[in-house]
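Okay, so here's the structure we're looking at.
Values reported hereafter were calculated over all heavy atoms of this structure, with side chains retained and with hydrogens, waters and symmetry mates removed.
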Amino acid sequence: MATSTFSAARARVDALASEAGFSATRVASAHAPWEHGDRLSEAIDKGHHGTMAWMETTLERRRHPTAMWAQAKSAIIVGVNYGPDRDPLEALKRTSSGTISVYAQGDDYHDIIKKRLKAFAGALHRDLSCEVKVFVDTAPLMEKPLAARAGLGWQGKHTNLVSRAFGSWLFLGCVLLDIEIEPDAPEVDHCGSCTACLDICPTGAFPAPYQLDARRCISYLTIEHDGSIPIEFRAAMGNRIYGCDDCLAVCPWNKFASTAKEAKLQARSELQSPDLSFLAGLDDTAFRQLFAKNPVKRIGLARFLRNVAIAIGNSGDVGLIDSVRNLMFHDRPMVRGAAIWAMRQLLDDREFAALAHAQRQLESDINVVAEWDERL
């Protein structure tokens, strides 16, 4: 491709991305060598992916962009700003309310970004006469290393992308093309000696800078993990009922982030610090209504109520006892177990012993029986 045509194609990419509603756009080579596949293999060998077996089964496709599509030559990485209007860490102080990760306080970004990406990709196909493939983060494509290669930001010590323009608050999408587009220069790492994101993690989920052990991560535990939350992490969860923003929110680069509202995804007011007593009373219908078009709905009611019960246990609010008491009779053992733990945090020794005497003999699940026995 001639230099003038090469540059013209890049200019057209930027224009089309802006028209599609993206906050940032950068381009990287999709076929150049990189080391990130080996790094991912090392993390999986250490078991850092926890029960996310799909990361292991899709490892070969994740190793390199061309493993997803052999004809890929360029990768266009786009970002959508979802920076919050308030400090997410402040919500942790309202212990009788639940804290939902910033990214999940509005409509499901997968649906929003995929719609924009498809429109963008269609325009690229038409204007640049190329073949395209669209990826959001549900696909086995390592979009954060690609974004760093493209200069959109760098992967911080918390393993997430950090941007000088948007801090740690960017949703990413990718379009692979079978033509060469003028690439951007990679971004350099600007973390320096800062360890704020590592230091604030409630569960010590970072074994080293730039490494995440998902098995200790509250986002993994509240979203991906299906079953009882390990006891060692329950108190550290606080009132986090879906995800955790601590390592993102504390990043110093957020203070330089753009405050522009254009193309920014907006939070729903009812999902900002919702009352725990209200959430504990949700049935399946109410749960689906509250989280319609929202990512929280994907974890299902039982997993969500498990998280709510633990948050109630951490609240110190005895006024929530009746709310969590009802969860002791839920049909899913993991909800009953979490409710028992919460009751133990809110009742004194005598009250809990009396409750256990009345209820333990009615329990048939061995794991829930163990919750009673370990709490006594």
Side-chain angles (χ1 to χ4, degrees), residues 24 26 28-29 32-52 54-56 58-65 67 75 77 79 82-83 88-89 101-103 137 140-172 174 184-221 223-225 233 236 243-257:
R26 296 291 188 277
S29 168
W34 69 357
E35 71 283 1
H36 300 286
D38 291 337
R39 291 180 183 176
L40 180 61
S41 294
E42 291 173 7
I44 290 176
D45 288 343
K46 294 176 181 177
H48 288 176
H49 60 306
T51 59
M52 295 183 289
W54 45 268
M55 291 189 68
E56 187 170 359
T58 60
L59 176 59
E60 292 306 313
R61 285 188 290 160
R62 291 176 183 275
R63 283 188 176 278
H64 194 278
I77 309 297
Y82 75 101
L89 299 178
S101 185
V102 170
Y103 87 86
D137 72 358
L141 183 75
M142 298 174 70
E143 74 280 354
K144 287 185 287 187
L146 269 177
R149 171 182 280 186
L152 195 60
W154 67 97
Q155 279 193 266
K157 293 177 182 177
H158 54 16
T159 75
N160 291 285
L161 193 78
V162 184
S163 161
R164 287 190 289 178
F166 300 97
S168 288
W169 308 111
L170 272 181
F171 290 133
L172 300 176
C174 178
D184 291 286
E187 180 61 280
V188 299
D189 189 327
H190 296 284
C191 287
S193 61
C194 178
T195 58
C197 60
L198 310 182
D199 299 337
I200 199 173
C201 180
T203 55
F206 300 104
Y210 309 103
Q211 295 181 28
L212 171 67
D213 186 345
R215 297 168 297 183
R216 302 184 65 88
C217 176
I218 290 177
S219 286
Y220 165 81
L221 292 168
I223 299 172
E224 302 289 348
H225 179 66
F233 302 128
C244 178
D245 289 323
D246 294 30
C247 64
L248 303 178
V250 77
C251 179
W253 282 94
N254 290 336
K255 65 184 177 183
F256 301 111

Extract all donor-acceptor atom pairs below 3.5 Å that involve side chains of residues 196-204 and protein atoms in other chains or at least two apart in sequence.
unit_1, atom_1, unit_2, atom_2, d
Asp199, OD2, Thr195, OG1, 2.8
Thr203, OG1, Arg216, O, 2.3

Tell me, please, which residues at least two apart from Ala24 pass side-chain contact (heavy atoms from CB on, under 4.5 Å). Leu152, Phe166
Can a salt bridge be assigned to the pair Glu187 and Arg164 using a cut-off of 4.0 Å between side-chain N and carboxylate O? yes
Work out which heavy atom in Cys247 is nearest to a heavy atom in Val250; give both atom names and the distance. O-CG1, 3.7 Å
What one should report as the nearest heavy-atom pair of Ala249 and Asn254 is O-ND2, 3.3 Å
Which residues satisfy the salt bridge (charged side-chain N to carboxylate O under 4.0 Å, His left out) test with Asp189, sequence neighbours excluded? none
If you take all heavy atoms of Cys191 and Gly156, which pair is closest and at what distance? SG-CA, 3.6 Å
Holding to side chain to side chain donor-acceptor pair (under 3.5 Å), I want the full list of residues that pass it with Ser168, two or more places apart in sequence or in another chain. His158
Evaluate the side-chain contact (heavy atoms from CB on, under 4.5 Å) criterion for residues Ile218 and Phe233: first the C-alpha distance (whole Å), next the side-chain angles of each, then the deciding distance (0.1 Å), finally the verdict. CA-CA 8 Å; Ile218 290 177; Phe233 302 128; over 6 Å; no
Shortest non-hydrogen contact from Ala150 toward Arg26: O-CB, 3.1 Å
Test ring-ring contact (aromatic ring centres under 6.0 Å, His included) on Phe171 and Tyr82 and set out the steps. CA-CA 7 Å; Phe171 290 133; Tyr82 75 101; 4.1 Å; yes
Quick one: CG on Asp213 to OG1 on Thr159, what's the gap to the nearest 0.5 Å? 11.5 Å
Distance from Leu161 atom CG to Gln155 atom CD, nearest 0.5 Å? 7.0 Å
Between Ile77 and Arg149, does the side-chain contact (heavy atoms from CB on, under 4.5 Å) criterion hold? Intermediate values first, please. CA-CA 10 Å; Ile77 309 297; Arg149 171 182 280 186; over 6 Å; no
What pair of heavy atoms forms the shortest contact from Pro252 to Lys255, and how long is it? O-CG, 3.0 Å
Which residue pairs pass the ring-ring contact (aromatic ring centres under 6.0 Å, His included) test with at least one member in residues 186-207, sequence neighbours excluded? Trp154-His190, His190-Trp253
Hey, is the main chain of Ala208 close enough, under 3.5 Å, to the side chain of Lys157 for a donor-acceptor pair? no
Residues forming a side chain to side chain donor-acceptor pair (under 3.5 Å) with Ser101, sequence neighbours excluded: Asp245
Can you see which heavy atom on Ala205 is nearest to which on Pro207, and at what distance? O-CD, 3.2 Å
